[in-house]
2 protein chains.
Amino acid sequence: MSSRITLKDLAKKLNLSPSTISRALADHHSIGEETKKRVREKAEEVGFTPNSIAASFRKKKTKSIGIIVPRIDVHFHSRVISGIEEFAYKTGYNVTIFQSKDSFVREKEITKILQNRMVEGIIVCLSIETQDYEHFKRFKKLGMPLVFYDRVPSSLDANKIIVNDFESAFTATEHLIKNNCKRIAHIAGSQNTDIFKERLKGYTAALKKHHLKIDPDLILPTNNLSYEEGVICANKYLEMESRPDGVFCANDYTAVSVIQVFRKAGINIPKDVAIVGFSNYPISGIIEPNLTTVNDRAFQMGEAAARLLTRQIEDEENYIGSEIITLNTELIVRESSIRKASNK
Amino acid sequence: MSSRITLKDLAKKLNLSPSTISRALADHHSIGEETKKRVREKAEEVGFTPNSIAASFRKKKTKSIGIIVPRIDVHFHSRVISGIEEFAYKTGYNVTIFQSKDSFVREKEITKILQNRMVEGIIVCLSIETQDYEHFKRFKKLGMPLVFYDRVPSSLDANKIIVNDFESAFTATEHLIKNNCKRIAHIAGSQNTDIFKERLKGYTAALKKHHLKIDPDLILPTNNLSYEEGVICANKYLEMESRPDGVFCANDYTAVSVIQVFRKAGINIPKDVAIVGFSNYPISGIIEPNLTTVNDRAFQMGEAAARLLTRQIEDEENYIGSEIITLNTELIVRESSIRKASNK
DNA sequence: CTGAAAGCGCTTACAG
DNA sequence: CTGAAAGCGCTTACAG
């Protein structure tokens, strides 16, 4: 019952050597077609399934990759994971997942577990607490391929998959300008994180290009861009003497808060104030008015990460690179930003 | 570089036998404290990390469990996975994920891969297409523990984690009745799936209990409870001569559609029509009015599945059970269903 | 086209 | 408290 049939057992039953069985099942060219057929049929008949752990051990290849994400149930990450799984599945890799829960300590614990050669490579989105990258440098020394995505280590030479945050923010802001906004506010993410710094920079650059005044009062930083923080920001804007006529939000949750708070205050979106978000969360297509937002290409990010990782795993020279892949986003224009009274 | 230090190498450096090293690192009671200390320090110094594949192979235990879900990026599943990962992490298991993409063929392919003893047990939510369970019966024969959750095989004796859908739907419907609804509609899920059958039954039973007429016209079935299908249902209700004054929706997406379509038609929620959803998706707390819904306990479901699975894996007698665990939900009452003119 | 033999890196029953 | 030895189930270089 619990002791299952082995390749050797199968060999005995067929009066062949284990070598031949192994080769036949691997469809090796040196084995005759009839033999292969006999072996396959017998294997099916007796219900033989190879012990992949033994094979992994012998070949020193587990065909499996690890993922460390802050939280699986954050929609962005689950989409990235889906992209990774899809690519991995097609190329014969398994995917083992760990969540750091945004804890630096737990992230380090996980990297310790992953040093044991269970996986051949790792894809990581850093925990929000992580400022020190020693635990990842060890992988480099060990020759373990590593790819970061989204929240990447700024000071570490490594493979990184990111989105062109600067350009995306620039385009989003310019879109508001083209829709006749003159006083454009920005709800920003944590300025400890590169991607949110870039979004802020893109916003500023667009204003500069179009000779609009940059008003520091209109730039409100948040810790984690939560819905609740969005509500607070929106109320601050409401209380201002000179309110903004456009808001570029660094994610969709805060954009939704702004829409709701403003509407409740009798402000028409987009007529009085135009809103643009970032991420293309499902809610952006449901909220009324529908939210103009930046498609963050999460699934493609996962695919790109998996592609880069497996390429490095399979690279003959065992070369551990530090490639940076920047994905282009697209602005999805919906109702929340279209102002009929457009200039030009 | 790529050939890493082994336990044997470490033994040589310390003039000890591999057996002793192995025991020392496993904190075996028969090894002296000084020896343990020496071994641990040397291991740290030379950067030895055990080859866990070799250990897995030797011990015939991989300490890893597999998950097959329709799609990782469906919020319900990502929350279940999060619960599984959390429990597994605490108990020293790894989690390997596969998505069936709701394809029967792909689900079968995945079960083939998982027969190779990579994982010690499997947690499954069936693909929507799956009607035949042969591929899972094989695991039973092989003595591989299996736990189903949410979409479970009705005709198969197996471990199952479900939610008390009947009672949840009953409570939700009764809540509408208590809020003075007399004509309560139901947007139902696919009647090929047990959980949606149960929700429909719970709805019907509540109406019966309170002597309300069951009007088949008010029960609208859908294929996958999508937002779009919800819009279609909502419009059908609008066109009726005698509109419903309450709607119990089998999930939150359709509930949100109804809210939006009705409001656009000038119907006040909850005054004219009260709405209840199912699942407690994030959007239920954001949509206006906030949606009353059933908390589906996804995270707890994942934890329960992982707990049951690991118990079976570690069960001495290798007993493969068929336990059914039913989790209780709770009704989260928000604005969308509170009618001031409530009868007692 | 097929086989004998070695060995991947651990763990553990057995012996002392 | 420590060690020698066997072996987990495969794969593959070598030989024929």
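Residue numbering restarts at 1 for every chain, and letters A, B, ... go by the order of the sequence lines. These numbers come from the heavy atoms of this one structure, side chains and all, not from hydrogens, waters or symmetry mates. Quantities reported herein were computed from a predicted structural model and do not represent experimental measurements.
For Lys36(A), no side-chain nitrogen or oxygen approaches OP1 or OP2 of dC1(C) to under 4.0 Å. The side chain of Ser56(B) contributes no N or O atom lying less than 4.0 Å from OP1 or OP2 of dC10(C). Checking the phosphate oxygens (OP1, OP2) of dG9(D), a side-chain nitrogen or oxygen of Lys60(B) falls inside 4.0 Å. Distances shown here put every side-chain N or O of Thr20(B) at or beyond 4.0 Å from the OP1 or OP2 atom of dT2(D).
The pair Lys108(A)-Glu134(A) does not count as a salt bridge, with every side-chain nitrogen at least 4.0 angstrom from each carboxylate oxygen. The pair Arg151(B)-Glu107(B) does not count as a salt bridge, with every side-chain nitrogen at least 4.0 angstrom from each carboxylate oxygen. Using a 4.0 Å cut-off between a side-chain N of Lys or Arg and a carboxylate O of Asp or Glu, Lys59(B) and Glu120(B) do not qualify as a salt bridge. Between Lys42(B) and Glu45(B) there is a salt bridge, since a side-chain N of the basic residue sits under 4.0 Å from a carboxylate O of the acidic one.
When distances run from any side-chain atom of Ser22(A) to the nucleotides dG3(D), dT12(D), dG9(D), the shortest one goes to dT12(D). The nucleotide whose nearest atom lies closest to any side-chain atom of Asn51(B) is, among dC10(C), dT2(C), dG9(D), dC10(C).
dC1(D) and dA5(D) have their P atoms separated by 24 Å, given to the nearest Å. Look at the C1' atom in both dG16(D) and dT12(D): the space between them is 16 Å, to the nearest Å.
Remark: the Glu109(B) side chain and the Tyr89(A) side chain contain an N/O donor-acceptor pair separated by less than 3.5 Å.
Annotation for Ile53(B) and Arg117(A): closest pair CG1-O, 3.6 Å, computed over non-hydrogen atoms. The minimum heavy-atom distance between Lys160(A) and Ser154(A), with the atom names listed, is NZ-O, 3.7 Å.
Protein atom CZ of Arg117(B) is 9 Å distant from nucleotide atom C1' of dG9(D), rounded to whole Å. Atom CG of Asp9(B) is separated from atom P of dG7(C) by 15 Å (rounded to the nearest Å). When rounded to the nearest whole Å, the span between CD of Glu33(A) and P of dC1(C) equals 9 Å. To the nearest angstrom, P of dC8(D) lies 7 Å from NZ of Lys8(A). Regarding Leu25(B), its CG atom lies at a distance of 16 Å from the P atom of dG9(C), rounded to whole Å. The NZ-C1' distance, from Lys12(B) to dG9(C), rounds to 13 Å in whole Å. The distance between atom CG of Asp27(A) and atom C1' of dT12(D), rounded to the nearest whole Å, is 17 Å. For the pair His29(A) NE2 and dT12(D) P, the computed distance is 12 Å after rounding to whole Å.
Positionally, the nearest nucleotide of DNA chain D for Asn15(B) lies more toward the 5' end than for the other of Asn15(B) and Ala26(A). Comparing Lys59(B) and Gly32(B) by the nucleotide of DNA chain D whose heavy atom lies nearest to each, the residue mapping closer to the 5' end is Gly32(B).
The strand DNA chain C forms stems, runs of 3 or more Watson-Crick or G-U wobble pairs with distances below 3.5 Å, at C:1-3 with D:14-16, C:5-12 with D:5-12, C:14-16 with D:1-3.
Within 6.0 Å of NZ on Lys36(B) lie more than 12 heavy atoms contributed by other residues, nucleotides or ligands. The local environment of CG in Asp9(B) is crowded, with over 12 non-hydrogen atoms from other residues, nucleotides or ligands closer than 6.0 Å. Enclosure of atom CZ in Arg106(A) by more than 12 non-hydrogen atoms of other residues, nucleotides or ligands within 6.0 angstrom is indicated.
No contact: Ser52(B) has no heavy atom under 4.0 Å from any strand. Within the nucleic acid shown, Ile53(A) has no heavy atom closer than 4.0 Å to any nucleic acid atom.
Taking the six-membered ring where the residue is Trp, Phe136(B) and Phe148(B) present perpendicular rings, their angle passing 60° and hence far from 30°.
An aromatic stacking contact links Phe57(A) with the base of dC8(C), defined here by ring centres under 5.5 Å apart and ring planes under 30° from parallel.
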Short heteroatom pairs, N/O only, protein and nucleotides 13-16 of chain C, under 3.5 Å:
unit_1, atom_1, unit_2, atom_2, d
dA13(C), N6, Arg23(B), NH2, 2.3

